[in-house]
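What follows is a short report on a single structure.
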Protein chains: 2
Amino acid sequence: MFRQDAILDLAFQALADPSRRAMVDRLVQGPATVSDLAKPLAMSLPGVMQHLAVLEASGLVVSEKIGRVRTCRIEPKVLSQAEHWIAKRRALWERRLDRLGVFLDETKDD
Amino acid sequence: MFRQDAILDLAFQALADPSRRAMVDRLVQGPATVSDLAKPLAMSLPGVMQHLAVLEASGLVVSEKIGRVRTCRIEPKVLSQAEHWIAKRRALWERRLDRLGVFLDETKDD
DNA sequence: ATTATACTTAAGTATCTGCTTTAGTATTGT
DNA sequence: ACAATACTAAAGCAGATACTTAAGTATAAT
């Protein structure tokens, strides 16, 4: 559907804000309404809605409105993709250090 | 030194840009000069310098200038912290799903 | 000594972000 | 019916971001 690059742009951008991370923190405990998410944040409700829009645009969160209440929940797929991107780079970095270690080891008596 | 929250702000913000992720991609293969990092990017050198400044401010990259050449390398600690933040939330989310599964299991014969 | 290389600094600009306030709409409770 | 609740839409604004070009500095090569 979307290029991996664009997904990561949106995901990391979404995670770069402390209010949005607080919302994610709340949502990993289970679904919550917009008001629930707003309660701990020192911010107007429209402000919270805008953060929610960013989280939904990134695919990290989905929501559904029933009656007058919108219920939000985590969608872990994008979270995994972001985690995996980082893990992959760390692994590459460490693999390189290992190779370097072996090389230094093999040449230490030269 | 810095609050975890501020570190994550800077780290995720740094990773939210595709040019900066490309720079990280290059650096996990090993150290590189500013020119090396600039080569694949369709951008002026000062533009690259500014991205590098963002990466250094986040702690994801460190650099050292020797003679007229600045050499950059990955500093994996912040990368780990970002990865860990995500992993923790995924784990919490999954733990919740498990508890929910057990609950549904225990009550399915009611 | 001159020239080329590898950044570096400064300034300018267009767009994006993270809020705000005001004014709605749709549901639900009394 | 009427009021309260739970969002939602629109507009405005200060500051941040992602570039650019032009001009400069320090080092290395010839």
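Numbers restart at 1 for each chain; the letters A, B, ... are given by sequence-line order, proteins then strands. Just so we're clear, the structure is a prediction, and the values are computed from it rather than from any experiment.
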What's the shortest heavy-atom distance between A/Arg70 and A/Lys65, and which atoms? NH2-CB, 3.8 Å
For [X] and [N], give me the distance from atom [atom1] to atom [atom2], rounded to whole Å.
{"X": "A/Leu52", "N": "D/dA6", "atom1": "CG", "atom2": "P", "result": "16 Å"}
{"X": "A/Met43", "N": "D/dC7", "atom1": "CE", "atom2": "P", "result": "16 Å"}
{"X": "A/Arg68", "N": "D/dT5", "atom1": "CZ", "atom2": "P", "result": "8 Å"}
{"X": "A/His51", "N": "D/dC7", "atom1": "NE2", "atom2": "C1'", "result": "17 Å"}
{"X": "A/Lys39", "N": "D/dT5", "atom1": "NZ", "atom2": "P", "result": "12 Å"}
{"X": "B/Asp9", "N": "D/dA16", "atom1": "CG", "atom2": "P", "result": "13 Å"}
{"X": "B/Glu64", "N": "D/dA26", "atom1": "CD", "atom2": "P", "result": "19 Å"}

Could you say whether A/Ser44 or A/Gln13 is positioned toward the 5' end of DNA chain C, judged by the nucleotide with the nearest heavy atom to each?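 Closest to the 5' end, via its nearest nucleotide, is A/Gln13.
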Given that B/Met49 and A/Leu45 both sit by DNA chain C, which one's nearest nucleotide is further toward the 5' end? B/Met49
What nucleic acid atoms does B/Gly47 come within less than 4.0 Å of, heavy atoms only: base, sugar-phosphate, or nothing?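 If one applies the 4.0 Å heavy-atom cut-off, B/Gly47 turns out to touch a base.
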Considering every strand and a 4.0 Å limit on heavy-atom distances, what is the contact class for B/Ser35: base, sugar-phosphate, or nothing?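 Touches sugar-phosphate only.
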Does a side chain donor of either A/Glu56 or A/Ser63 reach within less than 3.5 Å of an acceptor in the other side chain? yes
Taking the side chain as every heavy atom from C-beta outward, state whether B/Trp85 and B/Arg89 have any atom pair closer than 4.5 Å.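 Yes; the side chains approach each other to less than 4.5 Å.
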Just so I know, are the side chains of A/Leu27 and A/Leu37 near enough to count as touching, which here means a heavy-atom distance under 4.5 Å?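 The answer is yes; the side chains approach within 4.5 Å.
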Respond yes when some side-chain nitrogen or oxygen of A/Lys65 is under 4.0 Å from OP1 or OP2 of D/dT8, and no when none is.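 For A/Lys65, the contact criterion (side-chain N or O under 4.0 Å from OP1 or OP2 of D/dT8) is met.
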Bounded by its outermost nucleotides with an atom under 4.0 Å from a heavy atom of chain A, the footprint on DNA chain C reads C/dT17 to C/dT28
Do the numbers put A/Arg96 on top of the ring of A/Trp93, so that NZ or CZ is under 6.0 Å from the six-membered ring centre and no more than 45° off the axis?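 Yes, cation above the ring, under 6.0 Å and within 45°.
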same_hphob_cluster(B/Leu79, B/Val62) at 4.5 Å side-chain heavy-atom cutoff: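 Different clusters.
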Hey, any chance A/Val54 and A/Ile74 share a hydrophobic cluster, counting ILVMFWY side chains that come within less than 4.5 Å of each other, even indirectly?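 The answer is no; the residues belong to distinct hydrophobic clusters.
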